[in-house]
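These notes are about the structure you will find just below.
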Amino acid sequence: MNELTQSNDTYFLGHPKGLVTLFLTEMWERMSFYGMRGLLVLFMTREVIDGGLDLDPVTAMAIYGVYGASVYFLCVPGGWVADKIFGAQKTVLYGALIITLGHYVLAIPHEKTFFLGLVLVSIGTGLLKPNISTIVGQLYKPGDLRIDSGYTIFYMSINIGSMLGYLVCGYLGEKIGWHWGFGAAGVGMTFGVIQYILTKNSLGDAGLLPTLEAGEDSSSYFSIFSIGAIIFALLVFSAFLGVWTIDPQFLNQLIVYLILFVAIFYFVYLYLFADLNKAERGNISMLLLLFIGSVLFWAGFDQGGSSLNLFAKDYTDLFIFGWEMPATFLQVANPLMVVIFAPFFAAFWINLGKRNLDLDTPQKFAIGCFLMAIGFFIMIFGVEVALENEKAGVKWLLLTYLFHTLGELCLSPVGLSATAKYSPKRYKGQMMGIWFLSSSLAAGLAGLLASQSFESGISSMPTLFNQIILALVAVGVILLIANKFVKASADLDDSPN
Ligand code: GLN
């Protein structure tokens, strides 16, 4: 039998008590994140008279892409800071505080504070998101079979938070005033911070200290961090003062190249210079496959916050019983379905395992890509209906989101726990950052794709969706084939070699 965690703790649904702390913190953080995600593009594209920024959709999608990409990109330094300087627990707290501040800044109705708020939320999320995800894994000892279901429960918190965000921030933002929506996200985060501070002790020593190797010294890393932070602050501050400006679409492209460069650089570094043994290299190869699948998947998925969101607002009949629901309410379909289906998926994987029909993680990812492709296939019909009749019924988006969600469940919780299990021990925080780097690259690509999808109104959508389908199917097939050549083994820390 497997040894259980720190204290054989089964306090919360058979899981360690610390999972409650992480559950609630992540729930509030995701409420604020998805509340914003739902409102962002709508707010930017509405006319000034409706309280919006009156940006054209193409620019708005690019800004959305830059924001999404930055949020997840900052998970890489966020993971590094935790590994090398503060430890995950403290880094999560700093992140949570910065996010809260960001949302309150966003609540101030001014164009400049809007961008400053986005920067703060991005930094805070970068510090919080990868590290809270790593701490989940550290609540369990290597080999503890509860880790997968721990991540499934954690994934539910993400989606409960996301539902709350779309409903509360979405309603307030769209129906009362945009900045009320942004402010509500700040209130949610405040609950999250208070709760985290009060219950942090239950995390024990999971993520308490940086994971330095012998001879490494956190103070030299702190100097690097301080220099980086000062340069970053100067850049943001000078932009805030209007010293320099940049075209959002160009920035979106630039960011995609930058992320691609970082990803390639990091994987090359891991293979060649990180002093990994053969088994660890095998694991990195598998994580590379997951990275590729994840990029394609989320680039499609992120259309939900941008092009599909705008489609919901302007080309979908949102009336139910004479009441026009906020477009953001349609976004609830995804997290709601995740919460409903996640336990079934978890049970399904366990069942397959019991029958020795276990799927490898890349195979699950391939299924995720295929399901995402089916979702877009359905959406093409929805767009055609809207082109013929001005508005389409909600069923098209709902069906699309159903398939996107089924795909997500094959890929996202699985990807999180695979990253926790297969990463070499001393790179765990950073590898979680790399997992989110795939979301970052995806968000940047999604911004470019979404801009393209509105180049000549929604009639550009079917062609684009066809391309996305082809790319998804191609990557799915590549994953299936490459999986045959990759050898990975979980929890090497525990294994004898
Ligand atoms: N929905 C998940 C979350 O919010 C995954 C997002 C992502 O990795 N792009 O954590």
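Computed over heavy atoms, backbone and side chain alike; hydrogens, waters and symmetry mates excluded. Counting starts at 1 for both ligands and their atoms, following the listed order. The first residue of the sequence shown is numbered 1, and numbering continues consecutively from there.
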Ignoring hydrogens, what is the shortest heavy-atom contact between W298 and A442? Give both atom names and the distance. CB-CB, 3.4 Å
Determine whether F465 and T400 make a side-chain contact, defined as any pair of heavy atoms from C-beta on separated by less than 4.5 Å. no
Between S438 and Y72, is there a side-chain donor-acceptor contact under 3.5 Å, judged purely by atom types and distance? no
P424 side chain reached by N283 side chain, heavy atoms, under 4.5 Å: no
Evaluate the side-chain proximity of V66 to L118: yes if any heavy-atom separation is below 4.5 Å, no if none is. no
With hydrogens left out, which residues have an atom under 4.0 Å from ligand 1, given that only heavy atoms count? R30, Y34, Y72, K129, Y155, I158, W298, E408, S412, S439
Any side-chain heavy-atom pair of M61 and Q249 under 4.5 Å: no
